[in-house]
Amino acid sequence: SVTPQIKNIDFQIINDETTLVTALKNEQVDFALEPPTEMLSELESAGNLAVSDIGSWSCLHMAINCQSEYFSDVNVRLAVAYALDKDGLYNSILSEDGEEAINSIPFGSALYGAASDSWTKYAESAFDPKGDLEKAKEYMAKSGYPDGFDCVLYVKNSSVRSSCALYVQSALKEIGINVDVEVVDGSEMSNYQFGTSRDYDLLVINWEADYPDAAANIYPLFYSQNSGEGGANASCYSNAEVDELLQKENASVDLEERTELLQQTLDIVGQECPMITFYYATNRVVMNQNVDYTMSPSYIWNFYIKDVVVK
């Protein structure tokens, strides 16, 4: 028999990844979002569980605070980008968790939408500085801080994000930047990411679009007024030409014009490098096989319990 309606939901906050996996296998938990990647094989081999991947509107990235003393220098930001072997990082740590990213494009193919052909072509030649240590050293030499400096990178406690942070710490030593990695809880990270405090150098964070459109990642992350309290411009990036392009895009209802304006925006943003995009995350869900529910990329905003069926 099938029960077409859920009468009661028990939400459990389980911070420990091993405890979560054990609870799923023992059927103490029926449904979990974003299970730990490093324990994925254990979940997939459990006879009572089903693991599903869903396209996502998000990107994991490192916001570079363009208002901080050192990172206000675009040469420093480009040096950071070239010092990071993102291909190696993706292949060794991130490949099971999402789609490889281009630095100057803060979203993957799930947000290309009706302009898919245009965005696919644009992505083929988009500026993507990475993996060139000599060029990184050249940019540091041109910067106002050729001898390097000390800075702090904040990251929320997560195995993937922590791995990215530790890789950044190791790679930037090669160009004289000493990175102190500090792990913070979700509340403190939200204060940094959404503008209660902009007193930081680097953040490893995730952003996810509110609606299925490329502008939903570009406008929040790069429009200058969004660096204020409550805004998502954690890079504190400001460029008058970018603001003008985004205002025009926001006023247009023509898809081709909007796409062209967004691509012009990213041409500028890419050259100024206010963030490092690590990858476009795959959303993943684990359900007990007795639970029948089809997830969509918008699940973070639209999770319809009325559609969940328990067999």
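Note that the coordinates shown come from a computational prediction; the quantities given were computed from them, not determined experimentally.
Close placement of the Tyr192 and Tyr200 rings is indicated, their centers lying within 6.0 Å of each other. Between Tyr139 and Tyr82, the ring centre distance stays below 6.0 Å.
The side chain to side chain donor-acceptor pair (under 3.5 Å) check on Glu44 picks up nothing, with sequence neighbours excluded. Taking Asp73 as the reference, nothing meets the side chain to side chain donor-acceptor pair (under 3.5 Å) condition, with sequence neighbours excluded. Contacts of Asp267 classified as side chain to side chain donor-acceptor pair (under 3.5 Å), with partners at least two apart in sequence or in another chain: Tyr122. With sequence neighbours excluded, no residue satisfies ring pair (Phe, Tyr, Trp, His ring centres under 6.0 Å) with Tyr167. For Phe31, the ring pair (Phe, Tyr, Trp, His ring centres under 6.0 Å) partners two or more places apart in sequence, or in a different chain, are Phe303.
Evaluated for a side chain to side chain contact (heavy atoms under 4.5 Å, CB included) with Asn206, the options Arg161, Met189, Lys156, Gln193 yield exactly one hit, Arg161. For the side chain to side chain donor-acceptor pair (under 3.5 Å) criterion with Lys86, the lone passing option out of Asn91, Asn103, Thr277 is Asn103.
Taken together through direct or relayed side-chain contacts under 4.5 Å among Ile, Leu, Val, Met, Phe, Trp and Tyr, Leu84 and Tyr280 form parts of separate hydrophobic clusters. When the side chains of ILVMFWY residues are joined at heavy-atom separations under 4.5 Å, either directly or via intervening members, Leu40 and Ile14 end up in a single hydrophobic cluster. In terms of hydrophobic clustering, with Ile, Leu, Val, Met, Phe, Trp and Tyr side chains grouped at heavy-atom distances under 4.5 Å, Val204 and Val80 are assigned to a common cluster.
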Show your working on side chain to side chain contact (heavy atoms under 4.5 Å, CB included) between Thr282 and Glu99 and close with a plain yes or no. CA-CA 7 Å; Thr282 295; Glu99 180 184 349; 5.9 Å; no

For side chain to side chain contact (heavy atoms under 4.5 Å, CB included), just list the numbers for Leu245 and Ile268, CA-CA rounded to whole Å, side-chain angles, deciding distance to a tenth of an Å, and then say yes or no. CA-CA 10 Å; Leu245 288 167; Ile268 298 169; 3.8 Å; yes

For a side chain to side chain contact (heavy atoms under 4.5 Å, CB included) check, start with the C-alpha distance between Arg284 and Glu34, then their side-chain angles and the critical distance, and finish with the verdict. CA-CA 5 Å; Arg284 187 169 283 136; Glu34 300 180 18; 6.0 Å; no

Report the C-alpha separation of Thr37 and Glu96 in whole Å, then their side-chain angles, then the decisive distance to 0.1 Å, and conclude whether the side chain to side chain donor-acceptor pair (under 3.5 Å) test is met. CA-CA 7 Å; Thr37 302; Glu96 292 185 359; over 6 Å; no

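Judged by distance alone, with hydrogens and angles left aside, the side-chain atoms of Asn26 form no donor-acceptor pair with the main-chain N or O of Gln28 at under 3.5 Å. A donor-acceptor pair under 3.5 Å is formed between the side chain of Ser56 and the backbone N or O of Ala281. Although no hydrogens or angles enter the test, the distance criterion places no donor-acceptor pair under 3.5 Å between the side chain of Tyr237 and the main chain of Gln67.
One finds no salt bridge joining Glu138 and Lys142 here, because no Lys/Arg side-chain nitrogen approaches an Asp/Glu carboxylate oxygen to under 4.0 Å. A salt bridge links Asp87 to Lys130: one of the charged nitrogens lies within less than 4.0 Å of a carboxylate oxygen.
Residues in residues 53-72 take part in these ring pair (Phe, Tyr, Trp, His ring centres under 6.0 Å) pairs, two or more places apart or across chains: Tyr70-Tyr145, Tyr70-Phe149, Phe71-Phe149.
Between Val155 and Val184 the shortest side-chain heavy-atom distance does not fall below 4.5 Å. Using a 4.5 Å heavy-atom threshold, the side chains of Leu133 and Ile175 count as touching. Looking at Ser238 and Asn233, their side chains never come closer than 4.5 Å, going by heavy atoms from C-beta outward.
Annotation for Gln264: atom CD counts as buried by contact number, over 12 foreign heavy atoms lying within 6.0 Å.
Distance check: Glu100 CD to Asp128 CG gives 8.0 Å after rounding to the nearest 0.5 Å.
Relative orientation of the Tyr112 and Phe107 rings is perpendicular, given thresholds of 30° and 60° on the angle between their planes.
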